[in-house]
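The structure under discussion appears below in the form of structure tokens.
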Amino acid sequence: MMVGILLLMLSAPILVLAADSPIAPGSKPKNEGKIGAGEGPAWHPEGGLYFTGGNRITRRDRSGNVQVFREPAGGANGLLFDSKKRLVVCESRNRRITRTEPGGAITVLAESFEGHRFNSPNDLTIDSKGRIYFSDPRYGRRDDMEMRDGEGRLVEGVYRIDEPGTSSTGTLRVVSRVITHEVERPNGVLVSPGDEFLYVADNNNNNVGGARKLWRFRLKSDGSIDAASRKLIFDWRDARGPDGFKMDPQGRLYVAASLNKANPPFETADKFKGGVYILSPDGQLLDFVPIPVDEVTNCAFGGVDLKTLFITAGGTLWSIRVR
């Protein structure tokens, strides 16, 4: 009897608290065109929206005009502008983190840890002190991975780059490993306002039974995590897990996740469809923005008032207004 009740609970529809949603009733996402928007949307107040795909970084200005910003781009994935409006890039193919200076020069911020090359830097977030946190998973071939722990096990971790002057070394840029095995395969990362928490998307999507979860860790003042504070925010179970995500001033999370077409035997698409899952800070599903293109990878706020949510999916850019 108890088994029957459990199965019924697992098959029941996910409760959506639409009354608390930041999306106006009846709003639908707008297709902004198939313009190479594969990943990494980031908003610059003067330059417009930047995104990645096809080994290039593309800029869509505030009028909707599209042009290539950088090509080739080292397999660029996650993007983010720092407090000085410099573009910080996860170059997955080049296995490094770079920053584009105002004059166009490229500064390499990190390309190795303890003498070993990174796997494939994927996504990044920046705290109030200018420290950069980035995920380093490996999707696809794994024969050239160098990152291992003291026991020889492969590591898909999260790292922190301290800007000069924020560490005891003074002028040197220091790279530290923040997460080693606390998650299976980190993807999207985000530091909450006030540097209180580090959120990590755990998306081990090409292994049956792998994690497809969003975790939260308490962040210490030195930029390390409290591993014992790990809290599960949301679980996509056997569907495509969470990818990139953002947070609004009220603490709501906007998480790009899942697929519209199943990928057997690894991922289902019946319970969780592809789109943006809007969650409360404690993980309640407030709303869901369906995106009919696979795969839904990331999102970013933009527009003059920062109330447009831009969404990248399968090379197509989508947008929806928030209240």
Taking the six-membered ring for Trp and the full ring for Phe, Tyr or His, determine whether the centres of Phe310 and Phe51 are under 6.0 Å apart. no
Check the hydrophobic clustering (I, L, V, M, F, W, Y; side-chain heavy atoms under 4.5 Å; chains of links allowed) and say if Leu214 and Ile225 are grouped together. no
Check for me whether the distance between the ring centres of Phe217 and Tyr199 falls short of 6.0 Å. no
Are a donor atom and an acceptor atom from the side chains of Asp287 and Tyr277 found within less than 3.5 Å of each other? no
Return the OG1 to CZ distance between Thr58 and Arg70, rounded to the nearest 0.5 Å. 12.0 Å
What's the separation between atom OG in Ser176 and atom CZ in Arg131, rounded to the nearest 0.5 Å? 9.5 Å
Can a salt bridge be assigned to the pair Asp305 and Arg321 using a cut-off of 4.0 Å between side-chain N and carboxylate O? yes
For Glu151, the side-chain contact (heavy atoms from CB on, under 4.5 Å) test, sequence neighbours excluded, returns Asp149, Arg153
So which heavy atom on Pro137 is nearest to which on Asn119, and how close? O-CB, 3.2 Å
Hey, what do you get for CZ (Arg96) to CD (Glu91), rounding to the nearest 0.5 Å? 4.0 Å
Test salt bridge (charged side-chain N to carboxylate O under 4.0 Å, His left out) on Glu32 and Arg60 and set out the steps. CA-CA 10 Å; Glu32 301 285 358; Arg60 180 181 182 269; 3.0 Å; yes
For Arg138 and Glu156, run salt bridge (charged side-chain N to carboxylate O under 4.0 Å, His left out): C-alpha distance rounded to whole Å, both residues' side-chain angles, the deciding distance at 0.1 Å, then the answer. CA-CA 7 Å; Arg138 173 55 69 90; Glu156 296 176 83; over 6 Å; no
Within one Ile-Leu-Val-Met-Phe-Trp-Tyr cluster: Leu49 and Phe69, side-chain cutoff 4.5 Å: no
May I ask you to check whether Asn206 and Tyr139 show a side-chain donor-acceptor distance below 3.5 Å? no
CZ of Arg185 to CG of Asp202: how many Å apart, nearest 0.5 Å? 9.0 Å
What closest approach, in Å, do Ile233 and Pro281 show between heavy atoms, and which atom pair accounts for it? CD1-O, 3.9 Å
If we ignore hydrogens and angles and just use 3.5 Å, is the side chain of Asp127 paired with the main-chain N or O of Gly130 as donor and acceptor? yes
So, do Trp318 and Val293 sit near enough that their side-chain heavy atoms are less than 4.5 Å apart? yes
Are Arg240 and Ser258 linked by a side-chain donor-acceptor pair shorter than 3.5 Å? no
Could you please spell out the steps behind the salt bridge (charged side-chain N to carboxylate O under 4.0 Å, His left out) verdict for Asp222 and Lys220? CA-CA 5 Å; Asp222 64 359; Lys220 299 179 183 179; over 6 Å; no
Do Phe113 and Val155 share a hydrophobic cluster (ILVMFWY, side-chain heavy atoms under 4.5 Å, transitive)? yes
Has Arg212 got its NZ or CZ under 6.0 Å from the middle of the six-membered ring of Trp236, at an angle within 45 degrees of the ring axis? no
ILVMFWY network linking Leu309 to Ile23, side-chain heavy atoms under 4.5 angstrom: yes
Go through the steps to decide whether Leu79 and Leu87 satisfy the test side chain to side chain contact (heavy atoms under 4.5 Å, CB included), and finish with yes or no. CA-CA 7 Å; Leu79 306 175; Leu87 184 62; 4.0 Å; yes
Sole residue of Phe245, Tyr254, Trp43 in ring pair (Phe, Tyr, Trp, His ring centres under 6.0 Å) with Phe301: Tyr254
For the residue pair Thr312 and Thr297, confirm or rule out a side-chain donor-acceptor distance under 3.5 Å. yes
List the steps, then state whether side chain to side chain contact (heavy atoms under 4.5 Å, CB included) holds for Leu190 with Leu198. CA-CA 6 Å; Leu190 184 145; Leu198 175 67; over 6 Å; no
May I ask you to decide if Ala313's main-chain N or O and Asp294's side chain share a donor-acceptor pair within less than 3.5 Å? no
Run Leu80 and Tyr50 through side chain to side chain contact (heavy atoms under 4.5 Å, CB included) and show every step you take. CA-CA 9 Å; Leu80 201 61; Tyr50 291 67; over 6 Å; no
dist Lys129:NZ -> Ser83:OG (nearest 0.5 Å) comes out at 13.0 Å
Tell me yes or no: between the side chains of Ser280 and Asp282, is some donor less than 3.5 Å from an acceptor? yes
With a 3.5 Å cut-off and no angle check, do the side chains of Lys246 and Asn298 form a donor-acceptor pair? yes
Short question: side chain of Asp162, backbone of Val174 - any donor-acceptor pair under 3.5 Å? no
Going only through I, L, V, M, F, W and Y residues with side-chain contacts under 4.5 Å, is there a path from Ile179 to Trp215? yes
Using the rule salt bridge (Lys or Arg N to Asp or Glu O under 4.0 Å), only one of Lys84, Lys85, Arg86 pairs with Asp82; which is it? Arg86
Within 45° of the ring axis of Phe197 and under 6.0 Å from its six-membered ring centre, is that where the NZ or CZ of Arg216 lies? yes
Taking all non-hydrogen atoms of both residues into account, name the closest pair between Asn77 and Pro121 and its distance. CB-O, 4.4 Å
Interatomic spacing from CG in Asp136 to SG in Cys90 - rounded to 0.5 Å: 9.0 Å
Looking only at side-chain N and O atoms, does Ser112 offer a donor or acceptor that is under 3.5 Å from a partner on Arg117? no
Could you go step by step and tell me if Val191 and Tyr133 meet the side chain to side chain contact (heavy atoms under 4.5 Å, CB included) rule? CA-CA 8 Å; Val191 172; Tyr133 302 73; 3.8 Å; yes
With a 3.5 Å cut-off and no angle check, do the side chains of Asn187 and Ser135 form a donor-acceptor pair? no
When you measure from the centre of the six-membered ring of Phe272, is the NZ or CZ of Arg237 closer than 6.0 Å and no more than 45° off the axis? no
Quiz question: by atom type and distance under 3.5 Å, do the side chains of Arg177 and Tyr159 form a donor-acceptor pair? yes
Stepwise, does the salt bridge (charged side-chain N to carboxylate O under 4.0 Å, His left out) test hold for Glu111 with Arg95? CA-CA 6 Å; Glu111 56 186 348; Arg95 301 166 75 166; over 6 Å; no
